[in-house]
Amino acid sequence: MAVHGQQNGFLQRLGFVRVTDCGDVRAPFPAKLLRALNNLRLQLSISTCKSLEEVFELGEPDEGSSEEKELPLLSSLTELRLSCLPELKCIWKGPSRHVSLQSLNRLNLESLNKLTFIFTPSLARSLPKLESLSISKCGQLQHIIREEAGEREIIPESPGEKDDAREITTGSLCFPKLRSLSISYCGKLKYVFPVSVSPSLLNLEEMEIDFADNVKHIFYTGEGDALTRDGIIKFPKLRGLSLSNCSFFGPKNFAAQLPSLQILNIDGHKELGNLFAQLQGLTNLEKLCLESLPDMRCIWKGLVLSKLTTLEIFEQLFLHKLESVEVGDCGDVFTLFPARLRQGLKNLKEVIVHSCKSLEEVFELGEADDGSSEEKELLSSLTKLELRRLPEVKCIWKGPTRHVSLQNLVHLSVWLLNKLTFIFTASLAQSLPQLQTLEIRDCGELMHIIREEDGEREIIPESPCFPKLKKIFIEDCGKLEYVSLSHNRDGIIKFPQLRELSLELRSNYSFLGPRNFDAQLPLQRLTIKGHEEVGNWLAQLQMAVHVQQNGFLQRLESVHVDDCGDVRTPFPAKLLRALKNLKEVIVWGCKSLEEVFELGEPYEGSSEEKELPLPSSLTRLLLFQLPELKCIWKGPTSHVSLQSLADLHLDSLDKLTFIFTPSLVQSLPQLERLYISECDELKHIIREEDGEREIIQESPESPGQDDQASPINVEKEIVLPNLKELSIQQLSSIVCFSFGWCDYFLFPRLEKLKVHQCPKLTTKFATTPDGSMSAHSEVPEVAEDSSINREWTRNMGWKEDGDSCL
């Protein structure tokens with residue numbers, strides 16, 4: 001009614017409309033409303049309207065009106081976004097000859113399940129400003145451009161139809177400003193544009209046609225369409241092209257000239273050669289991604305040699321700017337980069353290859369040409385190489401490597417190469433000054449990281465050097481002899497920048513290198529898993545500690561030892577003293593381990609007791625499944641402090657009988673989480689060791705102690721000022737927290753307490769008037785509330801019998 005009467009022109013200022021999740025609307029813009037909005041620059045967004053069937057009801061011009069002489073309908077619409085409209089069958093309902101989209105700049109369509117077409121031919125002729133067209137998840141979409149009923153007399157129905165009465169040809173369709181075209185997950189779409197549209201796409205920069213499995217041609221031949229005389233259409237600004245499952249870019253006699261193309265992604269094409277034959281002029285290609293191609297044999301020939309006659313032209317016109325190649329799940333390829341390409345790969349920076357079942361080598365090197373300047377130039381720009389799941393690869397580099405340089409290689413990752421026996425030749429290992437990350441996993445036949453090839457031994461003057469190597473990860477390489485990559489004549493294995501070393505492999509060989517070598521490793525993180533001779537590793541580290549070479553161990557922050565057979569003490573006294581910054585220790589599944597830290601006595605006359613006590617920087621200690629562990633700390637603990645320890649987790653330590661000595665428990669001001677479970681022989685949390693009673697006089701005031709917490713009385717009370725979570729579970733032998741030393745414990749900041757299956761526990765838990773949790777050990781018999789399952793949180797109080805409140 002307001003529209004009919006034009007009351008106060010209330011619609012004249014409307015510039016943006018959003019309609020979301022409205023249930024009963026079927027046509028939000030009827031014809032009369034559209035006419036009232038015709039002078040506005042309008043942005044429209046409609047989403048999640050389950051009943052909506054059409055967006056614009058166009059209608060016929062009123063008889064005798066001057067509507068066709070005025071601005072056509074929708075002529076000021078600038079942006080249209082439609083998404084999640086399951087019942088939408090058409091965007092425009094009614095004749096579209098008096099409609100113009102002359103201002104439309106952006107069109108986004110997503111999840112329109114019943115939409116079968118987008119434009120009528122008359123609408124497609126009125127898009128001079130369209131820059132972005134994005135269509136996704138429109139499962140019933142069959143046409144981008146299709147006539148409506150009543151337009152047959154002037155617009156042909158389909159590309160192949162002959163109609164002598166036709167007045168308008170597809171040749172008048174154009175998208176002169178279109179820059180970005182994206183179509184994905186439109187399973188019934190067969191064609192995108194008629195060939196006649198292609199000459200108008202001079203500004204097209206990005207084209208993506210993905211997961212539209214029935215698309216046969218991107219460009220099809222419509223009635224009246226004609227190619228240029230040489231059959232080539234130019235796309236002068238196209239920089240990115242992504243295609244999946246398209247047999248042809250266009251008709252069989254069609255070729256696309258792509259002089260600006262920088263990124264080409266091709267996925268799942270069964271007729272790769274046909275497609276590549278239509279893509280020409282790739283003189284600026286920088287990145288090539290190929291995925292799920294059943295036949296890769298024609299890749300280089302089809303892509304670059306169809307119009308070239310000599311190798312020299314080939315190298316100059318195609319590969320000279322190629323920087324990145326990604327190949328995945330492609331068949332019938334044995335050599336990814338054949339020798340004839342080597343001169344064209346001077347700018348190659350990144351190679352990623354995975355899941356190519358027939359690939360046997362990556363780079364075929366060949367011999368350097370006589371008189372060429374090829375010496376030490378091949379692959380000299382390569383910075384990243386990733387190889388994964390290549391079951392037939394026997395070597396990465398095939399042929400002599402003396403004229404190859406990896407001088408810029410920063411990252412090398414090798415996963416699941418079942419037949420690979422070595423990584424580098426000796427000459428290649430000389431050319432790795434920039435290598436920072438080396439990752440090798442699941443290479444069952446790998447015996448050497450560096451192996452001399454026949455005839456190379458006499459020309460390698462010195463040991464390889466890795467001055468920037470920061471991370472080494474080696475996992476499940478059971479035949480690997482040495483992890484060592486380099487050493488000097490003094491028998492020192494050197495990696496001056498190595499910060500992280502992770503070795504997870506079962507091997508009977510020496511660990512870091514020959515047994516008479518010591519290791520100079522300025523590590524921050526060390527992980528050792530599944531090795532049967534960790535003693536060799538310890539011996540090599542201790543040799544370096546003995547001579548205190550540059551204090552290289554002072555940076556080590558994290559150590560993880562997992563499933564290692566022969567280790568009994570991972571941290572002997574000399575090694576522990578050198579670990580000034582050790583923050584995290586995780587030990588798991590070591591069946592022979594008997595103690596974790598060997599403390600030893602301070603050196604006579606040393607200033608050790610005046611310095612930071614051991615291991616004062618430790619913040620996290622996790623010990624799991626150590627069946628022979630009898631004590632965590634072996635030796636006097638008077639010069640030991642756990643002042644930084646925040647997390648302590650103990651699980652399945654069958655022979656452990658206690659955790660802390662009195663002196664240690666008084667050095668826990670930062671402890672926040674204490675979890676103890678399945679330690680069958682554990683009887684006490686705290687127990688005095690012989691000779692300690694007389695030296696524990698008074699605990700210093702704990703840093704950060706709550707103002708309301710009581711002063712510590714060494715005989716009657718211990719306060720853990722920052723403990724927030726305490727869990728003791730399945731401890732069949734535990735009797736009390738402390739044996740013969742302290743009866744009362746206070747946890748002023750405890751938030752969660754869990755006690756499960758501790759049948760002999762006599763310690764009683766209770767809250768104090770100020771809300772703190774306390775534990776009292778002076779109970780002559782098993783506490784009634786300790787043998788059952790109990791949980792407590794500060795917010796919810798007690799929950800019993802397994803009714804968890806955590």
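What you see below is based on every heavy atom in this structure, not just the backbone, and it leaves out hydrogens, waters and symmetry mates.
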Nearest heavy atoms of Pro433 and Gln407, plus distance in Å = CG-O, 3.5 Å

What's the verdict on side chain to side chain contact (heavy atoms under 4.5 Å, CB included) for Leu406 and Phe424, showing C-alpha distance, side-chain angles and the deciding distance?
-> CA-CA 10 Å; Leu406 302 178; Phe424 303 111; 4.1 Å; yes

When you measure from the side chain of Ser381 to the backbone N and O of Lys349, does any donor-acceptor pair fall under 3.5 Å?
-> no

Is the backbone of Arg441 close enough, under 3.5 Å, to the side chain of Asp476 for a donor and an acceptor to pair up by distance?
-> no

Shortest non-hydrogen contact from Leu378 to His403?
-> CD1-CD2, 3.2 Å

Does the pair Glu445 and Lys419 meet the rule for a salt bridge (Lys or Arg N to Asp or Glu O under 4.0 Å), with working shown?
-> CA-CA 6 Å; Glu445 296 298 317; Lys419 294 186 178 181; over 6 Å; no

Is the shortest heavy-atom distance from the side chain of Leu387 to the side chain of Val393 under 4.5 Å?
-> no

For the atom pair CD (Glu206) and OG (Ser242), what is the distance rounded to the nearest 0.5 Å?
-> 10.5 Å

Mark yes or no for whether Asn214, through its side chain, and Gly187, through its backbone, hold a donor-acceptor pair below 3.5 Å.
-> yes

Going from CG on Asp329 to SG on Cys356, what distance comes out if it is rounded to the nearest 0.5 angstrom?
-> 7.0 Å

Could you pull out all residues at least two apart from Ser260 that satisfy side chain to side chain donor-acceptor pair (under 3.5 Å)?
-> none

Gap separating the CG atom of Leu365 from the CG atom of Leu428, nearest 0.5 angstrom = 8.0 Å

Contact list for residues 341-361, test ring-ring contact (aromatic ring centres under 6.0 Å, His included), sequence neighbours left out | none

Within the distance-only criterion (no hydrogens, no angle test), does the side chain of Asn203 pair as donor or acceptor with the backbone N or O of Arg179 below 3.5 angstrom?
-> no

4.5 Å side-chain heavy-atom contact, Pro570 and Val559 | no

Do we see a donor-acceptor contact under 3.5 Å between the side chains of Lys468 and Gln497?
-> no

What's the shortest heavy-atom distance between Met207 and Ile218, and which atoms?
-> SD-CG2, 3.9 Å

Could you go through the side chain to side chain contact (heavy atoms under 4.5 Å, CB included) check for Asp210 and Asp267 one step at a time?
-> CA-CA 8 Å; Asp210 289 335; Asp267 185 354; 5.7 Å; no

Got Leu498 and Leu523 here, is their nearest side-chain heavy-atom distance under 4.5 Å?
-> yes

Please walk me through it: do Thr527 and Asp562 pass side chain to side chain contact (heavy atoms under 4.5 Å, CB included)?
-> CA-CA 8 Å; Thr527 299; Asp562 189 351; 5.9 Å; no

Other residues, nucleotides, ligands: >12 heavy atoms within 6.0 Å of Phe473 CZ | yes

Heavy-atom side-chain proximity of Glu326 to Glu291 below 4.5 angstrom | no

Closest heavy-atom pair and its distance - Ile183, Val192 = CD1-CG1, 3.9 Å

Residue that, paired with Leu446, satisfies side chain to side chain contact (heavy atoms under 4.5 Å, CB included) out of Leu417, Thr421, Ile423 = Ile423

Please identify each residue that fulfils ring-ring contact (aromatic ring centres under 6.0 Å, His included) with Phe363, with sequence neighbours left out.
-> Phe337, Trp397

Between CE of Met447 and NZ of Lys479, what distance do you get to the nearest 0.5 Å?
-> 7.0 Å

Around atom CZ of Arg388, are there more than 12 heavy atoms of other residues, nucleotides or ligands at under 6.0 Å?
-> yes

State plainly whether the residues Glu131 and Lys177 are in salt-bridge range, i.e. N to O under 4.0 Å.
-> no

From the options Lys398, Glu364, Glu361, select the one residue that forms a side chain to side chain donor-acceptor pair (under 3.5 Å) with Thr335.
-> Glu361

When rounded to the nearest 0.5 Å, the distance separating CD1 of Ile209 from OG of Ser184 is 9.0 Å

Does the side chain to side chain contact (heavy atoms under 4.5 Å, CB included) test come out yes or no for Trp415 and Arg389, once each step is laid out?
-> CA-CA 6 Å; Trp415 282 36; Arg389 296 189 297 278; 5.7 Å; no

Kindly say whether Phe211 contributes a backbone atom to a donor-acceptor pair with the side chain of Ser244 at under 3.5 angstrom?
-> yes

Between Ser413 and Glu439, is any side-chain donor less than 3.5 angstrom from a side-chain acceptor?
-> yes

Rounded to the nearest 0.5 Å, what separation is found between the CG atom of Leu348 and the NZ atom of Lys346?
-> 13.5 Å

Grab the two heavy atoms, one from Val327 and one from Cys330, that are nearest each other, plus how far apart they are.
-> CG1-SG, 3.8 Å

Scan Ile263, Leu261, Leu322 and name whichever one has a side chain to side chain contact (heavy atoms under 4.5 Å, CB included) with Lys287.
-> Ile263

Looking only at atom types and distance, does a side-chain atom of Asn284 sit under 3.5 Å from a main-chain N or O of Pro259, one as donor and one as acceptor?
-> yes

Residues Glu584 and Ser558: side-chain donor-acceptor under 3.5 angstrom = yes

Considering all heavy atoms, the nearest Pro496-Phe466 contact | CD-O, 4.1 Å

